[in-house]
Chemist: 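The following block contains the structure, expressed as structure tokens.
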Amino acid sequence: MNRKRIISIAIVALILSAGIFNPGCRRGGNVQEEETAEVKDSVPAMGFWPDSLLCEVGRIRQGETFSGLMVRLGMPANDVYALVDSLDTAFDVRKLRADKDIAAYYSTDTLEGGEVKKELRYVEYRKDIASSIIFKTVAPLGFWEYEKPVSNERKFSHVVISSSLWNDMQKAGSDPRLIATLSDIYAWTVDFFGLQEGDEFKVMYQQKVCEGAVVSVDTVFYAEFRSEGKVIPAVRFEVPGCGKYWKPDGESMKGAFLKAPLQFSRISSGFSYHRKHPVTGKVKAHTAVDYAAPTGTPVMSIGDGTVISAGWSGAGGNMVKIRHNGGIYMTAYLHLSRFANGIKAGTRVSQGQVIGYVGATGVATGPHLDFRVWKNGTPVNPLKMDNVPDPPLPEAMMPQLDSVYRHYSAIMDSLTVTNQQVL
């Protein structure tokens, strides 16, 4: 074989190996595979290209049905019925909520004379900031869920009480939904209705964020409540069957009784043996705490127990009485607008279970809960009642709790800027 022939063969081999004459082969992978990958990457997140359509945003009207909504947006009635049938049990159209945002997407065509013809193609029902349901309103009809990207952020918040926890939380730049989590953690140790000016909360927590907006406050890792020089730390250390939050010494944050039987209201009248009745004008004992709250506010049992009675009590209106701790304690909830389902004499209830709803039945000037506690038959002030904590953390787990506490406490001490992000 001469030298020129050898060189020619070598060149052809080199060209073939480089894939120059083979459109199905390219260095680094197959062309068809790369094209498929490009197509996959180009599939729109919403399932269609919203930028190519006319979008009109509105809200679901009070009392509006799914069918009425779709027809109002421009979908033919026959197609609406077919779409509802296709939903089956995957989406309950009866749960459509008023005041939720919707977005209607239309294809457009300009007719002779300049008139624009619109055809409804998709409807987006926005359940919340991050979640939507997309309905395809042209054949083939269908629907799917759309989730926007959500990220987790760890945050630090320092709130000093000056007016109310809600207002002060907002001033600190934190989402007020953090209050609900804190009230759950400190429900057995802090009276949220008796917060005083100068009381403080320091919290390290995690929140979910979508497009710059807070979706939810997920987890509190560590918190401190300070009042009159006293500090109550709460450490998240989840132990199956025991609890989630502990004091550094291993005492559970959970107790036998909640500090209050309802959330987010105000105390309108306190425990007293000499109170002038707002209706009768007579001075008499008021061995209860009144919580002013809107009619219908859920009322919870402060502890596990058995319902003694649930019915009409004269001036006290609708009342529920519950026996706790084998009869040592008894609680009563008066002026209820109605009872929760299943609440009757002999019913076992658990701590935090809804037993009724705030009202103004009986002798009352307005909607409120009259809440009473007895210990061994003697009235006690609910706001000063001693609480019995749950069993402490097992001794074998104390080194782990101490390590977690020291870690979070060190981070907390290093943070001094309000609402500084924890990295």
Chemist: Using every non-hydrogen atom in the two residues, find where Cys55 and Ala103 come nearest and quote the distance to one decimal.
Modeler: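 The pair with the smallest heavy-atom distance is SG-CB, 4.1 Å.
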Chemist: Please check: side-chain N/O of Tyr245 versus main-chain N/O of Val220, any donor-acceptor pairing under 3.5 Å?
Modeler: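 Yes; at least one donor-acceptor contact below 3.5 Å.
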Chemist: Quick one: does any side-chain atom of Arg177 pair with a main-chain N or O of Val214 as donor and acceptor, under 3.5 Å?
Modeler: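 Flag set: sc Arg177 to bb Val214 pair under 3.5 Å.
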Chemist: How about Ser174 and Tyr205: do any of their side-chain heavy atoms sit closer than 4.5 Å?
Modeler: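 Side-chain contact under 4.5 Å: yes.
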Chemist: Taking all heavy atoms of Ala310 and all of Val320, pick out the closest pair and write down the distance.
Modeler: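 That would be CB-CG2, 4.2 Å.
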Chemist: When rounded to the nearest 0.5 angstrom, what distance separates NZ in Lys155 from CE in Met204?
Modeler: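 So the gap between those two atoms works out to 13.5 Å.
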Chemist: Quick check: do His324 and Ser301 have side-chain heavy atoms less than 4.5 Å from each other?
Modeler: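 Yes; the side chains approach each other to less than 4.5 Å.
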Chemist: Checking Arg121 against Phe48: charged group under 6.0 Å from the ring centre and within 45 degrees of the axis?
Modeler: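 Arg121 over Phe48 ring: no.
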Chemist: Provide the closest heavy-atom pair for Met75 versus Leu141 in the form atom of the first, atom of the second, distance.
Modeler: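 Distance-wise, the nearest heavy atoms are CE-CD2, 3.9 Å.
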Chemist: Search all heavy atoms of Leu195 against all heavy atoms of Val190 and return the closest pair with its distance.
Modeler: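 Minimum heavy-atom contact is CD2-CG1, 4.0 Å.
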Chemist: Find the distance between OH (Tyr222) and CZ (Arg236) and round it off to the nearest 0.5 Å.
Modeler: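 The OH atom of Tyr222 sits 15.5 Å away from the CZ atom of Arg236.
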Chemist: Taking only residues two or more places apart in sequence or in another chain, which ones pass salt bridge (charged side-chain N to carboxylate O under 4.0 Å, His left out) with Lys208?
Modeler: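 Checked Lys208 against salt bridge (charged side-chain N to carboxylate O under 4.0 Å, His left out); matches are Asp218.
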Chemist: Nearest 0.5 Å, what's the CD1-CD1 distance between Ile102 and Ile60?
Modeler: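 Here the interatomic distance stands at 6.0 Å.
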Chemist: For the NZ atom on Lys244, are there more than 12 heavy atoms of other groups (residues, nucleotides or ligands in this structure) within a distance under 6.0 Å?
Modeler: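 Atom NZ in Lys244 is not crowded, with 12 or fewer foreign heavy atoms closer than 6.0 Å.
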Chemist: Between His158 and Phe156, is there a donor-acceptor pair closer than 3.5 Å when you use the side chain of the first and the backbone of the second?
Modeler: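 Not at all, since once roles are kept as given, no pair shorter than 3.5 Å links the two residues.
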Chemist: Does Ile232 reach the side chain of Met253, with side-chain heavy atoms less than 4.5 Å apart?
Modeler: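 Ile232 vs Met253: side chains touch.
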Chemist: Flag the pair Ile133 / Lys127 as yes when at least one side-chain heavy-atom distance between them is below 4.5 Å, and no otherwise.
Modeler: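 Result yes, sub-4.5 Å side-chain heavy-atom pair found.
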Chemist: If a pair satisfies ring-ring contact (aromatic ring centres under 6.0 Å, His included) and one of its residues is in residues 339-366, list it, with sequence neighbours excluded.
Modeler: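 ring-ring contact (aromatic ring centres under 6.0 Å, His included) check on residues 339-366 returns no pairs.
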Chemist: Whether Asp92 and Arg94 form a salt bridge (side-chain N of Lys/Arg under 4.0 Å from carboxylate O of Asp/Glu) is what I want to check.
Modeler: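 Counted as a salt bridge, because a side-chain N and a carboxylate O are separated by less than 4.0 Å.
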Chemist: Using only atom types and a distance under 3.5 Å, with no angle test, would you say the side chain of Trp312 pairs donor to acceptor with the backbone of Gly362?
Modeler: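 Not at all, since once roles are kept as given, no pair shorter than 3.5 Å links the two residues.
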Chemist: Val123 versus Met70: any side-chain heavy-atom pair under 4.5 Å?
Modeler: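 Yes, their side chains come closer than 4.5 Å.
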Chemist: What residues, two or more places apart in sequence or in another chain, satisfy salt bridge (charged side-chain N to carboxylate O under 4.0 Å, His left out) together with Arg226?
Modeler: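 Partners of Arg226 by the salt bridge (charged side-chain N to carboxylate O under 4.0 Å, His left out) criterion, ordered by chain and then number, come out as Glu224.
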Chemist: Atom NZ in Lys136, atom CD1 in Ile134: separation rounded to 0.5 Å?
Modeler: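 The NZ atom of Lys136 sits 12.5 Å away from the CD1 atom of Ile134.
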Chemist: Side chain to side chain contact (heavy atoms under 4.5 Å, CB included), that's the test. Do Asn381 and Val289 meet it? Break it down for me.
Modeler: CA-CA 8 Å; Asn381 187 343; Val289 171; 4.0 Å; yes
Chemist: Counting distance only, does the side-chain N/O of Thr295 pair as donor-acceptor with the main-chain N or O of Pro367 below 3.5 Å?
Modeler: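 Checked: no pair found.
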Chemist: Please determine whether side chain to side chain contact (heavy atoms under 4.5 Å, CB included) holds for the pair Phe225 and Leu182, giving the CA-CA distance in whole Å, both sets of side-chain angles, and the decisive distance to 0.1 Å.
Modeler: CA-CA 10 Å; Phe225 172 69; Leu182 287 175; over 6 Å; no
Chemist: On the 0 to 90° scale, with breaks at 30° and 60°, tag the Phe135-Phe91 ring pair as parallel, tilted or perpendicular.
Modeler: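 Correct class here is perpendicular.
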Chemist: With a 4.5 Å cut-off on side-chain heavy atoms, are Leu120 and Tyr106 touching?
Modeler: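 The answer is yes; the side chains approach within 4.5 Å.
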Chemist: Go through the steps for Asp290 and His335 under the test side chain to side chain contact (heavy atoms under 4.5 Å, CB included), then give the verdict.
Modeler: CA-CA 10 Å; Asp290 288 349; His335 303 302; 5.8 Å; no
Chemist: So, does Thr347 use its side chain to make a donor-acceptor pair with the main chain of Lys344 at under 3.5 Å?
Modeler: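 Flag set: sc Thr347 to bb Lys344 pair under 3.5 Å.
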Chemist: Quick one, Ser157 and Met169 - any side-chain contact, counting heavy atoms below 4.5 Å?
Modeler: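 Yes, side chains in contact.
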Chemist: Could you tell me whether the side chain of Ile411 reaches within less than 4.5 Å of the side chain of Phe221, counting heavy atoms only?
Modeler: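 Of all side-chain heavy-atom pairs linking Ile411 with Phe221, none is under 4.5 Å.
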Chemist: Sub-3.5 Å donor-acceptor pair from the side chain of Ser252 to the main-chain atoms of Pro391, do we have one?
Modeler: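 Side chain of Ser252 to backbone of Pro391: no pair is present.
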Chemist: Closest approach of His368 and Ala364, non-hydrogen atoms and distance?
Modeler: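 Nearest pair, atom of His368 first, then Ala364: CE1-CB, 3.7 Å.
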Chemist: Nearest 0.5 Å please: distance from the OG atom of Ser151 over to the CD atom of Glu211.
Modeler: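 Reported value, rounded in 0.5 Å steps: 10.5 Å.
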Chemist: Once the angle between the rings of Phe201 and Phe192 is folded into 0 to 90°, is it parallel (under 30°), tilted (30 to 60°) or perpendicular (over 60°)?
Modeler: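 Judged by the thresholds at 30° and 60°, the geometry between Phe201 and Phe192 is parallel.
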Chemist: Under 6.0 Å between ring centres: does that hold for Phe371 and Tyr333?
Modeler: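 When the ring centroids of Phe371 and Tyr333 are compared, they turn out to be within the sub-6.0 Å range.
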Chemist: Taking atom NZ as the centre, does Lys259 end up with more than 12 heavy-atom neighbours from other residues, nucleotides or ligands that are less than 6.0 angstrom away?
Modeler: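 Correct, the count exceeds 12.
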Chemist: Check step by step if side chain to side chain contact (heavy atoms under 4.5 Å, CB included) holds for Leu393 and Met398.
Modeler: CA-CA 7 Å; Leu393 186 71; Met398 281 300 298; 4.0 Å; yes
Chemist: Tell me if a side-chain donor or acceptor on Ser403 pairs with a main-chain N or O of Gln400 at a distance below 3.5 Å.
Modeler: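 A pair under 3.5 Å: no.
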Chemist: Ser162 and side-chain hydrogen bond (donor to acceptor under 3.5 Å, both in side chains): which partner among Asp168, Asp199, Asn167?
Modeler: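 Of all the options given, the one that passes is Asp168.
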Chemist: Hey, would you say the Tyr122 and Tyr146 ring centroids sit under 6.0 Å apart?
Modeler: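 When the ring centroids of Tyr122 and Tyr146 are compared, they turn out to be at least 6.0 Å apart.
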Chemist: I'd like to know whether CZ of Arg406 has more than 12 heavy-atom contacts from other residues, nucleotides or ligands below 6.0 angstrom.
Modeler: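 No, not enclosed.
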Chemist: Evaluate salt bridge (charged side-chain N to carboxylate O under 4.0 Å, His left out) for Glu124 paired with Arg126, printing each intermediate quantity in order.
Modeler: CA-CA 6 Å; Glu124 178 189 5; Arg126 296 173 178 172; 3.3 Å; yes
Chemist: Using a cut-off of 6.0 Å, state whether more than 12 heavy atoms not belonging to Lys100 lie near its atom NZ.
Modeler: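 Result for NZ/Lys100: enclosed.
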Chemist: Looking only at non-hydrogen atoms, find the nearest pair between Thr361 and Gly317 and report the distance.
Modeler: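 Shortest heavy-atom contact: OG1-CA, 3.5 Å.
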Chemist: Are the side chain of Gln351 and the backbone of Ala256 linked by a donor-acceptor contact shorter than 3.5 Å?
Modeler: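 Yes, the answer is positive, given that a donor and an acceptor are paired below the 3.5 Å cut-off.
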Chemist: Starting at CG of Leu178, measure out to OG of Ser216 and round the result to the nearest 0.5 Å.
Modeler: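 With rounding to 0.5 Å, CG (Leu178) is 11.5 Å from OG (Ser216).
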Chemist: If you count every heavy atom of other residues, nucleotides or ligands that lies below 6.0 Å from Glu147 atom CD, does the total exceed 12?
Modeler: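 Enclosed: over 12 neighbouring heavy atoms sit under 6.0 Å from CD of Glu147.
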Chemist: Taking the side chain from Trp246 and the backbone from Phe237, do they hold a donor-acceptor pair closer than 3.5 Å?
Modeler: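 Between the backbone of Phe237 and the side chain of Trp246 there is a qualifying donor-acceptor contact (under 3.5 Å).
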